[in-house]
Amino acid sequence: MNLEIRNISGIETYPVRHPVLRAGRPITDCYFEGDDLNTTIHLGIFVKERLHGVATFLMNKDLNIEELISLEHQQCYQLRGMAIKAEIQGQQLGSQLINHAEEMLKNKNVLALWFNARESAVSFYKKKGYQIVSEPFEIATVGIHYKMYKAL
């Protein structure tokens with residue numbers, strides 16, 4: 001498989017974010033607060049030059065995560081909007097994307113990655129070494145989520 005992972009812009013994530021994460025909603029719902037910050041990183045995974053997956057990484061601390069791993073004054077990132085197009089799911093693109101991101105963040109001296117995982121994605125993240133650190137909670141119009149994290 002001719003695969004490449006590279007930095008993209010926030011707006012370039014929309015063709016994947018929209019059908020996978022915001023189907024049936026306005027395209028404007030694909031914008032996430034923080035997408036335009038200079039510390040935000042957007043990655044795209046391309047197969048034969050076609051974008052098939054995206055993930056966004058925001059410099060963002062979470063007080064509960066800080067307490068877990070003593071991150072009081074350390075860099076912590078939040079994963080948002082990770083999505084792989086439905087027609088290519090199950091081909092390890094998500095694993096490759098998260099592995100690449102973890103290495104990239106480690107190289108930037110980031111100590112932890114956290115996120116709110118959809119209930120349907122929890123098993124994927126557990127296999128990648130992430131831990132659930134919250135009770136289930138509802139995000140309006142999206143569904144049940146769990147906060148998860150991993151020390152890098």
Side-chain angles (χ1 to χ4, degrees), residues 1-66 71 73-122 124-125 128-130 133-134 137-152:
M1 189 180 304
N2 185 5
L3 182 119
E4 181 186 8
I5 298 172
R6 63 180 183 247
N7 289 352
I8 60 175
S9 69
I11 204 160
E12 287 176 294
T13 66
Y14 292 13
V16 178
R17 276 184 187 173
H18 193 251
V20 178
L21 302 175
R22 299 293 189 259
R25 293 168 53 191
I27 194 78
T28 53
D29 282 1
C30 292
Y31 175 80
F32 296 158
E33 186 176 335
D35 268 353
D36 300 327
L37 297 174
N38 64 0
T39 54
T40 298
I41 302 161
H42 303 281
L43 294 178
I45 188 163
F46 295 79
V47 178
K48 297 179 183 173
E49 291 299 316
R50 291 189 60 224
L51 181 64
H52 286 285
V54 297
T56 295
F57 301 88
L58 299 153
M59 185 186 292
N60 190 14
K61 289 187 179 184
D62 178 275
L63 295 177
N64 296 324
I65 304 295
E66 283 184 24
L71 285 178
H73 299 290
Q74 303 298 322
Q75 238 186 116
C76 191
Y77 266 72
Q78 177 186 7
L79 167 62
R80 295 222 37 214
M82 183 158 160
I84 304 295
K85 285 186 175 178
E87 65 269 17
I88 200 159
Q89 287 180 4
Q91 297 184 32
Q92 303 301 309
L93 293 178
S95 285
Q96 291 182 57
L97 188 55
I98 200 80
N99 291 346
H100 178 90
E102 287 176 5
E103 284 304 310
M104 174 196 65
L105 293 170
K106 282 182 202 175
N107 290 336
K108 293 178 174 290
N109 299 314
V110 173
L111 296 185
L113 181 60
W114 71 275
F115 46 86
N116 298 321
R118 289 175 186 232
E119 189 172 38
S120 60
V122 166
F124 167 80
Y125 290 114
K128 303 300 293 170
Y130 290 85
V133 292
S134 76
F137 59 94
E138 178 90 20
I139 294 180
T141 71
V142 183
I144 302 292
H145 284 69
Y146 292 83
K147 187 170 294 191
M148 299 185 80
Y149 98 101
K150 180 179 181 180
L152 302 175

(request) Please tell me if the side chains of Asn2 and Glu49 come closer than 4.5 Å, counting only heavy atoms from C-beta onward. (result) no
(request) Calculate, to the nearest 0.5 Å, the distance between atoms CG and CG belonging to Leu105 and Leu113 respectively. (result) 6.0 Å
(message) For Leu152 versus Val110, what's the shortest heavy-atom pair and its separation?
(response) CB-O, 3.8 Å
(message) Before we go on, tell me: are the rings of Tyr146 and Tyr125 under 6.0 Å apart, centre to centre?
(response) no
(request) Take Glu102 and Lys150 through the test salt bridge (Lys or Arg N to Asp or Glu O under 4.0 Å) and record every step on the way to the result. (result) CA-CA 10 Å; Glu102 287 176 5; Lys150 180 179 181 180; 3.1 Å; yes
(message) Side chains of Met59 and Leu37, heavy atoms from C-beta outward: is any pair under 4.5 Å?
(response) no
(request) Of all the heavy-atom pairs spanning Ala101 and Leu43, show the shortest one and how long it is. (result) CB-CD1, 3.9 Å
(request) Locate the shortest heavy-atom distance separating Gly53 from Leu97; write the atom from each residue and the value. (result) C-CD2, 4.3 Å
(request) Inspect the surroundings of CD in Glu33 and state if more than 12 heavy atoms from other residues, nucleotides or ligands are less than 6.0 Å away. (result) no
(request) Find out whether Arg80 and Asn60 are in side-chain contact, i.e. whether some heavy atom of one side chain is under 4.5 Å from a heavy atom of the other. (result) no
(request) Evaluate the side-chain proximity of Lys108 to Ile41: yes if any heavy-atom separation is below 4.5 Å, no if none is. (result) yes
(message) If you count heavy atoms of other groups shown closer than 6.0 angstrom to CD1 of Ile11, is the number above 12?
(response) no
(message) Please check if the number of heavy atoms outside Arg50 that lie under 6.0 Å from its CZ is greater than 12.
(response) no
(message) Minimum heavy-atom separation for Phe32 and Asp29, please, with both atom names.
(response) CE2-O, 4.1 Å
(request) Return the minimal non-hydrogen interatomic distance between Val20 and Lys85, and the atom names on each side. (result) CG2-CA, 3.9 Å
(message) For a 4.5 angstrom cut-off between non-hydrogen side-chain atoms, does Glu12 reach Val54?
(response) no
(message) Within the 4.5 Å heavy-atom criterion, are Tyr77 and Leu79 side-chain neighbours or not?
(response) no
(message) For Ile98 and Tyr130: C-alpha separation, side-chain torsions, deciding distance, then whether side chain to side chain contact (heavy atoms under 4.5 Å, CB included) applies.
(response) CA-CA 11 Å; Ile98 200 80; Tyr130 290 85; 3.9 Å; yes
(message) Given 3.5 Å as the limit, does a donor-acceptor pair link the side chain of Gln89 with the main chain of Ile84, or not?
(response) yes
(message) Ignoring hydrogens, what is the shortest heavy-atom contact between Gln96 and Ile5? Give both atom names and the distance.
(response) O-CD1, 3.6 Å
(request) Keeping the roles fixed (side chain from Thr40, backbone from Gly34), state whether a donor-acceptor pair exists under 3.5 Å. (result) yes
(request) Would you confirm whether Arg17, through its side chain, and Cys30, through its main-chain N or O, come within 3.5 Å as a donor-acceptor pair? (result) yes
